[in-house]
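I have placed the structure first, in the form of structure tokens, so that the comments after it can refer back to it.
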Amino acid sequence: MPSSIIPAALAAVLLAAPVAASPRQDPVAAPSREPANREPVSREPANRALIERAFAQWARGEADVFDLLTDDVVWHITGQDPAVATTYRSREALLAGAARPLATRLTAPLTPAVRRIWADGDDVLVHWDGSAPLADGSTYRNTYLWIMTVRGDRVTAVTAFLDNAAFKAALAKAPRRDARD
């Protein structure tokens, strides 16, 4: 191929490529009549209020926060103890693997006491303490931090930080006579 063809071919490609016009940067230009791009409406206040209501109802014994979970929720309990720290990939798996086994050792429902709630985008963080009497006469106490992802008034994912040793100790106790795991 003659060397004179390459520059001509390159010039043809460059000339054929569309050139994007850059907007004029004129500080005294007339304002645009087009609507300004709007930021998406923040769901943070609604998400925070949803979780606040759920915890308040749970504390009054009217409902529990697990009612907000989607059927396919992903619930991760952090920690190093494989008996406690795991990931559940459905609401039913979480209830069967963690919530119901604890409930069988309690003589009254776990009562939450919220310390603080924050919202950041779709995530709502809840720092709370839970306590309830155990069947052996002692009291289960734990402190939790749950990071709950809210989509459309439902919780789709949770990362749960808690005292794994306290949870495991409660599960090591005998269940109530009227309860089964």
For [X] against [Y], the heavy-atom pair lying closest together:
X: Ala132; Y: Pro109; answer: CB-O, 3.7 Å
X: Arg91; Y: Thr70; answer: CB-O, 3.5 Å
X: Thr111; Y: Ala59; answer: CG2-O, 4.2 Å
X: Asn47; Y: Gly121; answer: ND2-O, 3.4 Å
X: Ser90; Y: Ala93; answer: OG-N, 3.0 Å
X: Pro112; Y: Phe55; answer: CB-CD2, 3.9 Å

Inset, instruction - Go through the steps to decide whether Trp118 and Asp120 satisfy the test side-chain contact (heavy atoms from CB on, under 4.5 Å), and finish with yes or no. - result: CA-CA 7 Å; Trp118 305 262; Asp120 181 22; over 6 Å; no
Legend entry - Passing candidate, side-chain contact (heavy atoms from CB on, under 4.5 Å) with Tyr88, options Leu94, Val73, Leu95: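 Output: one option passes, namely Leu94.
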Legend entry - Qualifying residue, where the test is side-chain contact (heavy atoms from CB on, under 4.5 Å) with Pro175 and the options are Leu102, Leu106, Thr104: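 Checked Leu102, Leu106, Thr104 against Pro175; only one passes side-chain contact (heavy atoms from CB on, under 4.5 Å): Thr104.
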Is a donor on one side and an acceptor on the other found under 3.5 Å between the side chain of [X] and the backbone of [Y]?
X: Arg105; Y: Lys173; answer: yes
X: Arg154; Y: Leu69; answer: yes
X: Arg115; Y: Val126; answer: no
X: Gln57; Y: Glu62; answer: no

Inset, instruction - Using a strict 4.0 Å threshold on nitrogen-to-oxygen distance, state whether Asp153 and Arg43 make a salt bridge. - result: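 A salt bridge is present here (some side-chain N lies under 4.0 Å from a carboxylate O).
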Inset, instruction - Determine, for Asp129 against Arg141, whether the closest basic-nitrogen to carboxylate-oxygen distance falls under 4.0 angstrom. - result: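 Salt bridge: no.
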Inset, instruction - Please examine the side chains of Met148 and Val65, heavy atoms only from C-beta on, and report whether any two atoms are closer than 4.5 Å. - result: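 When only atoms from C-beta onward are counted, Met148 and Val65 do touch, with a gap below 4.5 Å.
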Inset, instruction - With the side chain counted from C-beta on, respond yes when Tyr140 and Leu110 share a heavy-atom pair under 4.5 Å apart, and no when they do not. - result: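 Yes, at least one pair of side-chain atoms sits under 4.5 Å.
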Inset, instruction - I would like to know whether Trp146 and Val124 meet side-chain contact (heavy atoms from CB on, under 4.5 Å); could you show each step before the answer? - result: CA-CA 8 Å; Trp146 287 355; Val124 179; over 6 Å; no
Donor-acceptor pairs are to be reported for all side-chain atoms of residues 159-172 against protein atoms at under 3.5 Å, with residues two or more places apart or in another chain.
unit_1, atom_1, unit_2, atom_2, d
Asp163, OD1, Ala165, N, 3.1
Asp163, OD1, Ala166, N, 3.2
Asn164, ND2, Thr78, O, 3.0
Lys168, NZ, Asp81, OD2, 3.0

Legend entry - Intermediate values then yes/no, side-chain contact (heavy atoms from CB on, under 4.5 Å), Ile117 and Leu125: CA-CA 6 Å; Ile117 298 178; Leu125 294 81; over 6 Å; no
Find the distance between [atom1] ([X]) and [atom2] ([Y]) and round it off to the nearest 0.5 Å.
X: Leu145; Y: His127; atom1: CG; atom2: NE2; result: 6.5 Å
X: Asp71; Y: Arg89; atom1: CG; atom2: CZ; result: 16.0 Å
X: Ile51; Y: Leu68; atom1: CD1; atom2: CG; result: 5.5 Å
X: Leu134; Y: Arg176; atom1: CG; atom2: CZ; result: 10.5 Å

Inset, instruction - Kindly check if the number of other-residue, nucleotide or ligand heavy atoms within 6.0 Å of CD (Gln80) is above 12? - result: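 For Gln80, atom CD is not crowded (no more than 12 foreign heavy atoms under 6.0 Å).
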Legend entry - Donor on one side chain, acceptor on other, Thr149 and Asp123, under 3.5 Å: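 Result is yes, a qualifying pair exists.
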Inset, instruction - Determine, step by step, whether Glu44 and Arg48 satisfy the salt bridge (charged side-chain N to carboxylate O under 4.0 Å, His left out) criterion, reporting the C-alpha distance in whole Å, the side-chain angles of both residues, the deciding distance to 0.1 Å, and the verdict. - result: CA-CA 6 Å; Glu44 287 178 11; Arg48 186 179 194 282; over 6 Å; no
Inset, instruction - Take Val158 and Ile147, measure what side-chain contact (heavy atoms from CB on, under 4.5 Å) needs, and give me the verdict at the end. - result: CA-CA 5 Å; Val158 176; Ile147 303 171; over 6 Å; no
